[in-house]
Amino acid sequence: MVLAGTGVAVAEQPASETVSAERVEESLQNVETHDSDLLVAPVSPDAYGADGLGYSVPIGGGSVGVPSDASQGVTFQEAGGETLAIQLPNSEKADSVELLEDGTFTYPDTSSANAVVVTERGVQMLTAIANEEASTSYTYELDLAEEQSIQVTPSGAAMVVDAAGNTVLVFGEPWASDAEGKPVDTWFEVDGPTLTQVVDHQDTENVAYPVVSDPIFLAPWMVKCLVGIGLKGPDVTRIAQRGTPYSILAAFGRGAVACIFMK
């Protein structure tokens with residue numbers, strides 16, 4: 001493009017791509033096609049309660065609040081009233097929530113969009129990345145107590161621990177996958193109360209967009225229950241990652257299944 005009146009050629013900037021709810025749905029279907037183990041199933045939308053501010057979804061010993069306005073963040077609320085809020089990345093200009101048929105919450109946006117899946121054991125927070133112009137950093141700010149901190153484990157998963165070293169919240173090992181099912185390098189970084197998932201799509205060759213990435217958060221009351229029956233942080237992160245009733249029973253016993261699925 002030539003700048004009018006100057007004769008000077010300048011590089012044309014690519015237009016920001018809008019990531020609609022339909023595009024998010026297609027992105028998730030791509031992931032499902034190539035590796036169905038990466039995605040967790042949402043609880044039935046029949047269980048959702050709604051008001052003008054968003055949705056409340058009961059799971060286990062508490063509920064998850066999913067806002068209409070993405071900038072308000074997702075909230076875990078225990079039955080006893082204790083809450084923990086997690087802010088979604090790059091959500092300031094996102095559109096209001098749209099609900100997909102399967103129960104997935106989406107927030108259309110430009111360049112990337114958030115999707116929130118409330119599962120039987122917690123919340124999977126997904127990002128659909130439209131193209132190479134999109135950010136490589138997706139930051140989740142947590143409303144932590146003063147004595148709590150985030151730690152990344154040797155496996156790449158992450159945990160919130162208290163001053164005594166007790167596990168309070170866990171995040172499964174992160175993943176990122178392109179539209180053809182190829183893995184994209186990704187990892188967690190920590191800065192105070194924020195957990196950032198870095199998705200290295202710009203430096204990965206032959207990426208097919210959209211790229212989808214996630215962390216999955218195990219509900220705090222489930223973590224409390226698992227720690228209470230003697231499981232350690234690394235075991236709890238394994239359950240957060242891809243724990244089915246059968247796999248949890250086989251690896252950790254009936255007590256762990258009861259903590260997660262109330263069975």
Side-chain angles (χ1 to χ4, degrees), residues 31-32 34-41 74 76 84 86 88-89 115-117 119-127 129 136-142 144 148-178 181-201 203-204 211-253 255-257 259-261:
V31 175
E32 180 74 23
H34 295 291
D35 189 349
S36 60
D37 287 341
L38 293 177
L39 298 178
V40 292
V74 174
F76 288 104
L84 173 66
I86 302 173
L88 295 168
V116 175
V117 182
T119 80
E120 289 185 295
R121 63 183 188 273
V123 178
Q124 188 170 37
M125 298 184 185
L126 298 146
T127 302
I129 302 170
T136 58
S137 296
Y138 298 90
T139 295
Y140 300 84
E141 184 174 352
L142 282 72
L144 299 182
Q148 295 175 342
S149 62
I150 307 173
Q151 299 177 358
V152 177
T153 72
S155 71
M159 302 183 296
V160 173
V161 297
D162 63 18
N166 299 312
T167 304
V168 177
L169 186 68
V170 298
F171 324 93
E173 184 178 344
W175 57 263
S177 178
D178 80 355
K182 299 191 298 290
V184 177
D185 286 343
T186 186
W187 60 90
F188 286 145
E189 294 180 351
V190 175
D191 183 10
T194 64
L195 179 78
T196 297
Q197 183 171 1
V198 179
V199 183
D200 198 22
H201 63 96
D203 291 331
T204 302
V211 170
V212 175
S213 66
D214 95 315
I216 185 167
F217 299 76
L218 191 62
W221 51 90
M222 296 178 184
V223 174
K224 188 183 298 183
C225 181
L226 292 167
V227 171
I229 64 172
L231 296 183
K232 303 299 183 183
D235 292 331
V236 179
T237 60
R238 285 172 55 196
I239 291 173
Q241 188 67 22
R242 296 187 184 93
T244 64
Y246 177 80
S247 66
I248 294 172
L249 176 64
F252 304 107
V257 174
C259 285
I260 301 299
F261 301 101

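These numbers were taken from a predicted model, which means no experiment stands behind them.
Scanning both residues, M125 and F217, for their nearest heavy atoms gives SD-CE1, 3.6 Å. Here the closest non-hydrogen pair linking Y138 and T136 is CE1-C, 3.9 Å. When every heavy atom of S213 is checked against every heavy atom of A176, the shortest pair comes out as CB-CB, 3.9 Å. Residues P220 and L84 come closest through the heavy atom pair CG-CD2, 4.2 Å. When all heavy atoms are compared, the tightest approach of A158 to F188 is CB-CD1, 3.9 Å.
A distance of 9.0 Å separates CG of L144 from CD1 of I86, quoted to the nearest 0.5 Å. Within the model, atoms OG of S177 and NE2 of H201 stand 13.5 Å from one another, a figure rounded to the nearest 0.5 Å. Expressed to the nearest 0.5 Å, how far OG1 of T139 lies from CD of Q197 amounts to 10.0 Å. Atom CD1 of I216 and atom OG1 of T237 lie 12.0 Å apart (nearest 0.5 Å).
Here the side chains of V190 and L195 are in contact, with some heavy-atom distance below 4.5 Å. Residues L39 and V117 are not in side-chain contact: their nearest non-hydrogen atoms beyond the backbone lie 4.5 Å or more apart. Contact of the V227 side chain with the V223 side chain is registered, since non-hydrogen atoms from C-beta on lie closer than 4.5 Å. Counting heavy atoms from C-beta outward, D214 and V212 have side chains that stay 4.5 Å or more apart. Using a 4.5 Å heavy-atom threshold, the side chains of F76 and V123 count as touching. In this structure, T196 and D191 have side chains that are not in contact, with every pair of non-hydrogen atoms separated by 4.5 Å or more.
Between the E120 side chain and the I260 main chain, no donor and acceptor come within less than 3.5 Å of each other. Judged purely by atom type and a 3.5 angstrom limit, Q124 uses its side chain to pair as donor or acceptor with the backbone of L38.
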Using distance only, find each side-chain donor-acceptor pair of residues 160-172 under 3.5 Å and give its atom names and separation, not counting sequence neighbours.
{"from": "D162", "atom 1": "OD1", "to": "A164", "atom 2": "N", "distance (Å)": "3.0"}
{"from": "D162", "atom 1": "OD1", "to": "G165", "atom 2": "N", "distance (Å)": "3.1"}
{"from": "D162", "atom 1": "OD1", "to": "N166", "atom 2": "N", "distance (Å)": "2.8"}
{"from": "D162", "atom 1": "OD2", "to": "N166", "atom 2": "ND2", "distance (Å)": "3.3"}

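Side-chain polar atoms of E173 and W175 form no donor-acceptor pair below 3.5 angstrom.
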For the pair C259 and I229, evaluate side-chain contact (heavy atoms from CB on, under 4.5 Å) and give the outcome as yes or no after the intermediate values. CA-CA 9 Å; C259 285; I229 64 172; 4.2 Å; yes

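Remark: of the listed residues T204, T127, T186, T186 is the sole one forming a side chain to side chain contact (heavy atoms under 4.5 Å, CB included) with V199.
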